[in-house]
There are 2 protein chains.
Amino acid sequence: MEHRIEKIKKQLHSQSYKLTPQREATVRVLLENEEDHLSAEDVYLLVKEKAPEIGLATVYRTLELLSELKVVDKINFGDGVSRYDLRKEGAEHFHHHLVCIECGSVKEIEEDLLLDVEKIVESQWGFEVKDHRLTFHGICRVCQKQAVAASSAKENKE
Amino acid sequence: MEHRIEKIKKQLHSQSYKLTPQREATVRVLLENEEDHLSAEDVYLLVKEKAPEIGLATVYRTLELLSELKVVDKINFGDGVSRYDLRKEGAEHFHHHLVCIECGSVKEIEEDLLLDVEKIVESQWGFEVKDHRLTFHGICRVCQKQAVAASSAKENKE
DNA sequence: TCTATTAACGATAATCATTATTATTTAGTA
DNA sequence: TACTAAATAATAATGATTATCGTTAATAGA
C-alpha cells in the first residue's frame, strides 16, 4: 500500500502537483476499497470518517486530478453518477466490467480481451486506439443459479 | 422511413403503448439524424422545429420508452449528457463507437467484433452476456493526417 | 526568520441534466 | 355523448457536479 502511494506521489510530482493530506486520504480510501466502484459521494463519506474536515469539492477536485493522471478511471454505468476506479498497477488499459442486470453487481476483468479487436480497428478503420471501455450487461453466475433453483422449485410445486 | 416507423409502431402496440404524434415526431427526428448522437436536449430542439408545442419532459419520456423497447440505445460518452442512438434494423447488439480524443468525432462500427470475446466471458467467468458497450478512445484518421501534415510543415520551417 | 506568492482548500452558491408533480388534453370505449 | 385511462405540457424539484470566493498552508526569496 505504501509503495503504491509513493508511486502516485511521484506521478503527481512529475506534473508539479503535491500529495496533500486531503489527496492522500482520498487515495487511501480508493486503495482500501479497490474492489468497489465508488461514487464521489461514497468517497467523500469514507474520507470524512478519517478526516472530517475535508470538503466535497476537494474530493471532486482530487478525483478529477487523479483521473487526468490516469491513476483512476472515471466510469459511468448509466445510473447518473460517475464512479472512480483505481487503475491496476502497470495496467495500460481500462479494465472491463461485467454488470449483472438482475442484482446490479459489478465484476472486473483484468485480462485485456481486446488486443485482437484493436488490431482490426486500427487496420480496418485507420483509428489509432489509445484506450477502451468495455462493459458487458448480462446475468452473473449467482443469479443464473438462483434462476435455476427458482424454476425447479416451481416445478416441484406444480 | 415509413417502413421503419411502422415497425416501431408495432413494437409499441405489442406492449400496449401508442404512437402518439409527439412520439412519432421524436422518432422521425431520430431517423433523420441517424448518424449523429443526439442528446435529449438536441432531440427536443429538433422536434420543436416541426412541432413547437412539444415539451421537454415528453421527449425524455419518449426516449426512455424507446430505450426500454430497445429501439434506441442510451449511451454516455462521459460529457455529462446521455445520448440516444437508434439501433439499426435487425441489430441484436449495441454497435461500437470510436471516439476521437482530438476532435471529438464519433464513428460507429456496425460489425459485431465481440463474438469471440463474449464466448470467453461466458465460458471463463460464467457470465451470460445479454448486451455490451464498447467504445474506443483514440485518434481518428483525419486527425492522424493532420498531425503528420503539421509535423512535416514544422520540419520545413526549421 | 519574515514576508510574498501561489496552490490548495472548505463552504456554499450556481448550474445543468434529469425527474416528479399536477392539472389538462386526448383517445378509445361503453 | 359521457367515462376512463393514458399521455401531455408546463413547471417545480432534485441531485450530481462545477464555479466562486475568502481563507489557509506551503514554498521561495529577501
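The structure displayed is predicted, hence computed values, not measured ones. Every chain is numbered from 1 and lettered A, B, ... according to where its sequence line falls, protein lines coming before strand lines.
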Legend entry - Polar contact flag, side-chain donor to acceptor under 3.5 angstrom, B:Thr26-B:Arg23: no
Legend entry - Within residues 14-36 of chain A, residues whose heavy atoms come under 4.0 Å of DNA chain D: none
Legend entry - Start and end of chain A contact along DNA chain D [non-hydrogen atoms, under 4.0 Å]: D:dA16 to D:dT20
Inset, instruction - State whether a side-chain donor-acceptor pair under 3.5 Å links B:Glu118 with B:His132. - result: yes
Inset, instruction - Figure out the CG/P separation between A:Leu63 and C:dA8, and round it to whole Å. - result: 15 Å
Inset, instruction - Could you verify whether a donor N or O on one side chain and an acceptor N or O on the other, from B:His95 and B:Asp73, lie under 3.5 Å apart? - result: no
Inset, instruction - Return yes if some donor-acceptor pair links the side-chain N/O of A:Arg141 with the main-chain N/O of B:Phe127 below 3.5 Å, else return no. - result: no
Look for any protein N or O under 3.5 Å of an N or O in nucleotides 15-19 of chain C and output each such pair with its distance, or none.
unit_1 : atom_1 : unit_2  : atom_2 : d
C:dT18 : OP1    : B:Ser82 : N      : 3.0
C:dT18 : OP1    : B:Ser82 : OG     : 3.3
C:dT18 : OP2    : B:Tyr60 : OH     : 2.4
C:dT18 : O5'    : B:Tyr60 : OH     : 3.3

Inset, instruction - Examine distances only and state if a side-chain atom of B:Gln144 and a backbone atom of B:Ile139 form a donor-acceptor pair shorter than 3.5 Å. - result: yes
Inset, instruction - Would you kindly give the CD-to-P distance between A:Glu53 and C:dT12, to the nearest whole Å? - result: 15 Å
Inset, instruction - Run the ring-centre check on A:Phe77 versus A:His37 and record whether the distance is less than 6.0 Å. - result: yes
Inset, instruction - Go through the steps for A:Asp85 and A:Glu108 under the test side chain to side chain contact (heavy atoms under 4.5 Å, CB included), then give the verdict. - result: CA-CA 10 Å; A:Asp85 229 3; A:Glu108 301 189 355; 3.1 Å; yes
Legend entry - Partner of A:Leu30 by side chain to side chain contact (heavy atoms under 4.5 Å, CB included), out of A:Leu46, A:Val43, A:Thr62, A:Ile8: A:Val43
Inset, instruction - Return the value, rounded to whole Å, for the distance between atom CZ of B:Arg61 and atom P of C:dT26. - result: 15 Å
Inset, instruction - Find out if a path of hydrophobic residues (ILVMFWY) with successive side-chain heavy-atom gaps under 4.5 Å connects A:Val142 to A:Phe136. - result: no
Legend entry - Whichever of A:Leu65 and A:Lys48 has its nearest DNA chain C nucleotide further upstream toward 5': A:Leu65
Inset, instruction - Give a yes or no on whether the backbone of A:Val71 and the side-chain of A:Gln11 come within a donor-acceptor separation of less than 3.5 Å. - result: no
